[in-house]
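Positions are given from 1, in the same order as the sequence printed here. Every value quoted in this text rests on a predicted model; they were computed, and no experiment measured them.
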Amino acid sequence: MVGDVINLAARLMSKASGSIWCDRPTFLACASRFSFESLPPVIVKGKTTPIDVFKPTAETSGKYSASKRGKVKLLRTARILTGHQPESPLERRSLIGRTKEIQEICEVVAKMKSATEDKASAPRGQVLLVEGDFGVGKSSLVTEFVQQCHLAGFRTASLVSFSSDSMNPYFTYKGMICNILGISAEQQYSAHDYNGNGSESSSDEELIARTTTAIESVRKLIGDEWTPYMPLLRSVIPELQSRDNLKTKQLTGALRAKKTTDMCLALLKTQFLDAIVIEDAQWMDSLSWALTTQLAKHWLSQQRTLCICMRTGGLQDGTALGLTEYSNFRNGLLMQRMAPTKITPGPFSEAEVQQLVAQRLSLETSGVP
């Protein structure tokens with residue numbers, strides 16, 4: 001077997017050091033069956049640009065997962081999962097050296113439970129910020145939060161941003177909005193390949209069918225008054241075939257962006273979720289940040305939680321915009337009103353490193369040099 005794909009697989013295998021890594025097309029092809037961890041892009045021989053790398057972490061249970069509050073469709077495009085009420089405790093490793101952080105997560109989930117049970121008190125949203133350098137275990141803490149939400153019966157959706165898509169407007173929310181509109185992951189990526197790897201374009205019939213489905217979903221979910229603004233969603237979902245009309249042609253610049261954000265927010269409001277998690281937020285584009293800000297404002301009066309995981313160190317200049325947007329989001333008046341819970345995991349001690357190595361290798365601590 002020879003060819004570019006085989007060569008790239010061999011390069012990734014040599015860098016994975018015994019783990020399993022894959023590139024973006026493989027990730028997209030398998031996203032309906034496995035959950036993945038997004039790793040930093042790598043440079044490999046024979047490629048002029050960094051390769052997005054993903055590591056499979058678990059096999060998913062299927063297209064739908066059960067919840068005590070009803071069935072929730074399993075969302076898949078980037079890394080989007082919905083929560084469920086497990087029949088038995090979830091199998092998971094204990095988090096070493098993160099007792100304080102886990103306690104803070106427990107308090108956030110406890111507030112969610114209390115708000116749900118106490119109907120007399122005024123509903124109030126929460127924001128959980130998990131930030132720190134690469135490799136300190138932020139994703140493990142986010143997973144802990146999601147698992148605790150699952151155990152409590154809360155429904156969650158986890159979104160992820162990618163470095164290669166930081167210039168694509170609203171890409172962080174694209175998968176979720178596509179799912180709301182009834183557009184499957186296969187339909188999304190059959191029409192457009194963000195990596196430029198030569199996927200086949202959809203036929204005109206497929207484009208028309210996809211667009212018709214989206215229009216009907218908009219009409220049903222948020223009303224006929226929004227259907228004239230369907231062309232705005234092309235900036236979110238390029239796979240739609242909807243040209244500007246008299247109304248949308250009049251919208252330019254900031255006004256067009258605001259109307260698009262308002263439409264996306266209206267669609268997100270139709271979803272009965274208790275929490276949304278955004279990982280790798282350092283790669284979010286400015287319009288995704290604008291939508292996140294509007295979502296947080298809406299959830300201020302809701303019993304819902306927004307969790308943002310952000311790498312704040314070891315970044316190149318290209319992510320300066322993301323860091324600025326995050327700083328504005330975190331320090332603004334909105335955040336002061338919502339009193340966010342901020343978790344900043346620090347480095348591990350030598351003893352904790354030994355425990356981690358022993359845990360990963362299934363060894364006694366005494367067996368770690």
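Sparse packing is recorded around CD1 of Ile20, with 12 or fewer heavy atoms of other residues, nucleotides or ligands lying under 6.0 Å away. Within a 6.0 Å sphere centred on CD of Glu350, other residues, nucleotides and ligands contribute 12 heavy atoms or fewer. Within 6.0 Å of CG on Leu255 lie more than 12 heavy atoms contributed by other residues, nucleotides or ligands.
The backbone N or O of Arg311 sits less than 3.5 Å from a side-chain atom of Gln282, completing a donor-acceptor pair. Thr248 places no side-chain N or O within donor-acceptor distance of the main-chain N or O of Asp244, the cut-off being under 3.5 Å. For Lys138 (side chain) and Thr344 (main-chain N/O), no donor-acceptor pair under 3.5 Å exists by modelled atom type. Counting only distance, with no hydrogens or angles, the side chain of Gln271 and the backbone of Ile180 share no donor-acceptor pair below 3.5 Å. A donor-acceptor pair is defined here as one N or O able to donate and one able to accept, closer than 3.5 Å; such a pair exists between the side chain of Asp23 and the backbone of Thr26. Here the side chain of Arg24 pairs no donor or acceptor atom with the backbone of Val53 at under 3.5 angstrom. For Ser114 (side chain) and Ala110 (main-chain N/O), no donor-acceptor pair under 3.5 Å exists by modelled atom type. Side-chain atoms of Ser288 do not come within 3.5 Å of backbone N or O of Met284 as any donor-acceptor pair. A donor-acceptor pair under 3.5 Å links the side-chain atoms of Ser14 to the main chain of Arg11, judged by distance alone.
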(Q) I'd like to know whether Glu279 forms a side-chain hydrogen bond (donor to acceptor under 3.5 Å, both in side chains) with Ser139, so could you lay out the CA-CA distance, the side-chain angles of the two residues, the decisive distance to 0.1 Å, and finally the verdict. (A) CA-CA 8 Å; Glu279 291 199 61; Ser139 293; 3.1 Å; yes

**Q.** Worked check of side-chain hydrogen bond (donor to acceptor under 3.5 Å, both in side chains) between Thr172 and Ser161
**A.** CA-CA 5 Å; Thr172 300; Ser161 302; 2.7 Å; yes

Q) Would Ser140 and Arg98 count as a side chain to side chain contact (heavy atoms under 4.5 Å, CB included) if you check the C-alpha gap in whole Å, the side-chain angles of each, and the deciding distance to 0.1 Å? A) CA-CA 10 Å; Ser140 296; Arg98 295 293 180 246; over 6 Å; no

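In this structure, Val42 and Leu12 have side chains that are in contact, with non-hydrogen atoms separated by less than 4.5 Å. With a 4.5 Å cut-off on side-chain heavy atoms, Leu291 and Leu265 count as touching. Between Met310 and Leu129, every side-chain heavy-atom pair lies at or beyond the 4.5 Å cut-off. In this structure the side chain of Met230 reaches within 4.5 angstrom of the side chain of Met263, judged on heavy atoms. Between Phe154 and Lys113, the closest side-chain pair of non-hydrogen atoms falls below 4.5 Å. Inter-residue side-chain proximity for Leu306 and Leu128 is flagged as unmet; no heavy-atom pair is nearer than 4.5 Å.
Annotation: the span from Ile237 atom CD1 to Glu239 atom CD amounts to 7.0 Å, rounded to 0.5 Å. Taken to the nearest 0.5 Å, the CG atom of Asp280 stands 11.5 Å off from the CG atom of Leu159. Remark: Leu267 CG to Leu233 CG distance equals 6.5 Å, nearest 0.5 Å. In this structure, CD1 in Ile343 is found 7.0 Å from OG1 in Thr341, a value given to the nearest 0.5 Å. Put simply, CD1 on Ile177 and CD1 on Ile183 are 10.0 Å apart, with the number rounded to the nearest 0.5 Å. In this structure, OH on Tyr170 lies 8.5 Å from CG on Leu232, to the nearest 0.5 angstrom.
Residues Trp21 and Phe54 keep their aromatic ring centres 6.0 Å or farther apart.
Relative orientation of the Phe329 and Trp289 rings is tilted, given thresholds of 30° and 60° on the angle between their planes.
Comment: Lys342 engages Glu131 in a salt bridge, judged by a side-chain N to carboxylate O separation of less than 4.0 angstrom. Note on Lys111 versus Glu107: no salt bridge recorded, every NZ/NE/NH1/NH2 to OD/OE distance being 4.0 Å or above. For the pair Asp274 and Arg304, the salt-bridge criterion is not met [side-chain N within less than 4.0 Å of a carboxylate O].
Shown here are the side chain to side chain donor-acceptor pair (under 3.5 Å) partners of Thr305, two or more places apart in sequence or in another chain: there are none. Considering only residues two or more places apart in sequence or on other chains, Thr227 meets the side-chain contact (heavy atoms from CB on, under 4.5 Å) condition with Ile215, Val218, Arg219. By the salt bridge (Lys or Arg N to Asp or Glu O under 4.0 Å) test, Lys15 pairs with no residue at all, sequence neighbours left out. For Phe145, there are no ring pair (Phe, Tyr, Trp, His ring centres under 6.0 Å) partners two or more places apart in sequence or in a different chain. Legend: residues meeting salt bridge (Lys or Arg N to Asp or Glu O under 4.0 Å) with Lys220, ordered by chain and number and at least two apart, are absent.
Each of Phe134 and Val136 belongs to its own hydrophobic cluster when Ile, Leu, Val, Met, Phe, Trp and Tyr are linked at side-chain heavy-atom distances under 4.5 angstrom.
Both the sub-6.0 Å distance and the 45° axial angle are satisfied by Lys259 relative to the ring of Tyr229.
Within the structure, the salt bridge (charged side-chain N to carboxylate O under 4.0 Å, His left out) test picks out the following pairs touching residues 260-269 (sequence neighbours left out): Lys258-Asp262.
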